[in-house]
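Below: the structure, in structure tokens.
Computed from a prediction, not measured in an experiment: that's the story for all the values here.
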Amino acid sequence: FLHYGDLTDTDSLVKIINKIKPNEIYNLGAQSHVGVSFDNPVYTAEVTGLGSLRILEAIKFLKLRKIKFYQATSSELFGEKTVTKFNENSELNPKSPYGVAKLFAHHITKIYRESYGIFACSGILFNHESPRRGETFVTRKITMFLANRILGSKNILKLGNIYAKRDWGHAKDYVEMQWKILQQKKPDDYVIATGQTHSVKEFINTACKMLNIKIKWVGKGINEKAYEIKKNKKEMMIKIDKKYFRPLDINYLRGNPKKAFKKLKFKPKYNFYKLIKTMIDHDLDEAKKEKILIENQ
Ligand code: GDD
């Protein structure tokens, strides 16, 4: 049942929690776009950071200490490449207003666990993608673009930092772990990741290969472009646009999910290739449906 509430409105949270008296709360609410957080930092801090505190305060105030609380945090907590694989004890150096807001949520969750005995856990999730991913996040932007291209679109894809490396997993695998985190005997924090890392450019190249699109990169930096090679002709397909660069970006993320492997029996069903394949298959279907709709108008 959908109840109306708002992470910026303490009163609404207290009322809903008091009415429902849930066994478990999963706080997945956020302004979750890292790039957007540079344009809307105060709103991001309000929702992504303080929103979590408001829920924890409601649990404490209502003395509903039996509620288990899951806080979705993020690999954006890390930033500096201090290690090759980040785990639960790695140094935290966020590089965006979003990352700082998640850092607050992460620490406040731990503080409420240790101070008030609330079963509160933080899941430090690395990038998790799926066909349901929002269209302004890079993986979906790419798979939707390529699916439309296969069906004849001549649009050009504009991207920012294609050398950023991320540890990409599938949201389905990760959501199961969110639930598992709350089924443990003791509350704790966990890194959820695949342990592998690939750049945005590798994501594009892999997706093109799956679709039999022959791609050729030329140029460097802001002038780098990708062409599609078709019957010895080249057609521009991707270019770099400074609009999509962030004032500050994390260039390298790779998680170490050892603790989750051991304690949560985490065994991801999707690897990088299967993830891309699932997204492409879905977006091809969607693009076909859309094309039929337009043709029938
Ligand atoms: N969105 C976007 N759009 N990103 C681009 C683009 C573009 O056109 N071009 C390059 N990138 C680069 C970004 O600069 C970043 O380095 C990388 O691609 C991934 O960007 P996003 O897909 O926006 O995801 P994110 O890594 O910033 O954040 C996601 O993952 C986090 C977990 O690690 C979000 O889901 C966060 O909410 C989440 O916490």
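- Between Tyr174 and Phe266, the two ring planes are perpendicular [angle over 60°; tilted spans 30° to 60°].
- Using a 4.5 Å heavy-atom threshold, the side chains of Trp168 and Glu202 count as separate.
- Taking the ring axis of Phe245 as reference, the NZ or CZ atom of Lys242 does not stay both within 45° of it and closer than 6.0 Å to the ring centre.
- When the shell of 6.0 Å around CG of Asn232 is examined, it contains 12 or fewer heavy atoms from other residues, nucleotides or ligands.
- Here the side chains of Met279 and Glu129 are in contact, with some heavy-atom distance below 4.5 Å.
- Considering only heavy atoms from C-beta on, Lys95 comes within 4.5 Å of Glu80 through its side chain.
- The distance from atom OG1 of Thr143 to atom CD of Glu135, rounded to the nearest 0.5 Å, is 9.5 Å.
- For the 3.5 Å distance criterion, the side chains of Tyr163 and Glu224 qualify, holding a donor opposite an acceptor.
- Ring geometry for Phe86 versus Phe78: interplanar angle under 30°, hence parallel rather than tilted (30 to 60°).
- No side-chain heavy atom of Asp283 sits less than 4.5 Å from a side-chain heavy atom of Asn148.
- Between Ser52 and Ile108, the closest side-chain pair of non-hydrogen atoms falls below 4.5 Å.
- The cationic group of Lys68 lies under 6.0 Å from the six-membered ring centre of Phe119 and within 45° of the ring axis, placing it in a cation-pi geometry.
- Distance check, rounded to the nearest 0.5 Å: CG of Asn256 to CD of Glu88 gives 7.5 Å.
- Defined by atom type and a distance below 3.5 Å, a donor-acceptor pair is missing between the side-chain atoms of Thr82 and Glu91.
- Screening Val138, Ile250, Thr139 for a side-chain contact (heavy atoms from CB on, under 4.5 Å) with Arg166, the sole residue that qualifies is Ile250.
- Taking 4.5 Å as the limit, some side-chain heavy atom of Cys208 sits within range of a side-chain heavy atom of Met237.
- Shown are Lys216, Arg149, Lys154; of these, the salt bridge (charged side-chain N to carboxylate O under 4.0 Å, His left out) with Glu228 is made only by Arg149.
- A cation-pi arrangement is not found for Lys180 relative to Tyr190, the charged atom failing to lie both closer than 6.0 Å to the ring centre and inside a 45° cone about the ring normal.
- Within 6.0 Å of atom CD in Glu290, 12 or fewer heavy atoms from other residues, nucleotides or ligands are found, so the atom counts as exposed in its surroundings.
- Under the 4.5 Å side-chain heavy-atom criterion for ILVMFWY residues, a single connected hydrophobic cluster contains both Ile280 and Ile150.
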*Kindly indicate, with the supporting measurements, whether the criterion side-chain contact (heavy atoms from CB on, under 4.5 Å) is fulfilled by Lys15 and Lys19.*
CA-CA 6 Å; Lys15 280 184 190 151; Lys19 186 171 171 202; over 6 Å; no

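- Contact record, Pro131 with Thr278: CG-O, 4.0 Å, taken as the closest heavy-atom pair.
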